[in-house]
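Input: a single structure, listed below in structure tokens.
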Amino acid sequence: MDNSKIRAHLFLDGRHVTGLKMPAVFPVDGGVIEVAMSDYGIRRCHYRPLGGQPRQLTPDPASAEGRRARFGARHPGLSRAIGIGSVLLLVIGVGLNLSLTFLPSRSGSGRSNRRYICRSG
């Protein structure tokens with residue numbers, strides 16, 4: 001995904017303040033908020049105070065990131081099982097694709113799809 005087309009939006013007390021192209025740095029009172037995306041979601045969302053250590057911000061509970069975090073906290077076993085199942089399906093799919101790549105093609109089985117017709121005179 002092209003990060004230049006994705007925008008980060010800053011809200012204050014439920015009201016939209018501004019939006020910037022990714023990666024974004026929002027100046028706020030006492031520091032900045034840094035937001036960066038990866039191909040799979042938000043990679044970084046930190047508040048960096050002017051004179052201190054950065055700290056990770058919690059996602060909005062209504063966002064996809066917030067729902068994922070809440071589901072993982074409420075149902076850690078089920079969340080882990082879904083993750084393991086996803087990896088297994090991925091590995092099975094890759095394995096099937098690789099096995100099909102290395103199988104001999106059926107066209108070399110000795111039978112031809114061509115029809116020969118002989119006609120006289």
Side-chain angles (χ1 to χ4, degrees):
M1 192 175 285
D2 184 13
N3 283 347
S4 66
K5 296 179 182 175
I6 300 173
R7 297 180 68 83
H9 296 276
L10 180 65
F11 290 82
L12 176 63
D13 297 328
R15 296 182 58 130
H16 186 264
V17 177
T18 186
L20 297 172
K21 290 181 181 177
M22 292 286 204
V25 178
F26 296 102
V28 294
D29 292 338
V32 295
I33 294 176
E34 301 170 337
V35 182
M37 291 286 292
S38 72
D39 289 338
Y40 304 104
I42 294 178
R43 177 179 51 185
R44 179 176 176 83
C45 188
H46 286 69
Y47 170 68
R48 182 182 295 276
L50 293 175
Q53 293 286 7
R55 73 169 205 262
Q56 186 174 356
L57 298 174
T58 57
D60 178 18
S63 70
E65 298 283 338
R67 288 191 299 270
R68 262 183 250 133
R70 192 170 55 246
F71 181 81
R74 288 183 182 168
H75 310 286
L78 185 56
S79 178
R80 192 173 306 113
I82 290 171
I84 291 169
S86 298
V87 170
L88 283 175
L89 288 174
L90 179 67
V91 169
I92 289 169
V94 168
L96 287 173
N97 279 326
L98 286 175
S99 68
L100 290 175
T101 302
F102 295 112
L103 284 177
S105 65
R106 292 182 61 104
S107 63
S109 63
R111 299 188 85 196
S112 176
N113 291 334
R114 292 189 235 163
R115 295 178 128 176
Y116 295 99
I117 300 173
C118 295
R119 291 192 181 163
S120 61

Full working for side-chain contact (heavy atoms from CB on, under 4.5 Å) between Arg43 and Met37 = CA-CA 5 Å; Arg43 177 179 51 185; Met37 291 286 292; 5.9 Å; no

Taking all non-hydrogen atoms of both residues into account, name the closest pair between Cys45 and Val35 and its distance.
-> SG-CG2, 4.1 Å

Closest heavy-atom pair and its distance - Ala8, Met22 | CB-CE, 3.7 Å

Any side-chain heavy atom of Arg7 sitting closer than 4.5 Å to one from Lys21?
-> yes

Over all atoms of both residues, closest heavy-atom pair of Pro76 and Ala73 = CD-O, 3.8 Å

Please indicate whether Arg80 has more than 12 foreign heavy atoms, meaning atoms of other residues, nucleotides or ligands, lying under 6.0 Å from its CZ.
-> no

Kindly compute the distance separating CZ (Arg55) from CZ (Arg48), expressed to the nearest 0.5 Å.
-> 13.0 Å

Non-hydrogen atoms of His16 and His9 that approach each other most closely | NE2-ND1, 2.9 Å

Between Ile82 and Phe71, is any pair of side-chain heavy atoms under 4.5 Å apart?
-> yes

Examine distances only and state if a side-chain atom of Arg44 and a backbone atom of Glu34 form a donor-acceptor pair shorter than 3.5 Å.
-> no

Taking all non-hydrogen atoms of both residues into account, name the closest pair between Glu65 and Pro59 and its distance.
-> CB-CB, 3.9 Å

Flag yes if Leu20 and Val25 sit in one hydrophobic cluster, no otherwise; membership is Ile, Leu, Val, Met, Phe, Trp, Tyr, and two members link when side-chain heavy atoms are under 4.5 Å apart.
-> no

What distance do Ser79 atom OG and Arg68 atom CZ have between them, rounded to the nearest 0.5 Å?
-> 10.5 Å

Can you name the closest pair of heavy atoms from Pro54 and Pro49 and give their distance?
-> CA-CD, 4.2 Å

Residue pair Tyr47 / Val28, side-chain heavy-atom distance below 4.5 Å = yes

When rounded to the nearest 0.5 Å, the distance separating CG of Leu10 from CZ of Arg15 is 13.0 Å

Euclidean distance, Leu89 CG relative to Ile84 CD1, rounded to 0.5 Å = 12.0 Å

Is there a path of hydrophobic side-chain contacts, each under 4.5 Å between heavy atoms of I, L, V, M, F, W or Y residues, that connects Phe11 with Ile6?
-> no

Connected via hydrophobic side-chain network under 4.5 Å: Val32 and Leu57 = no

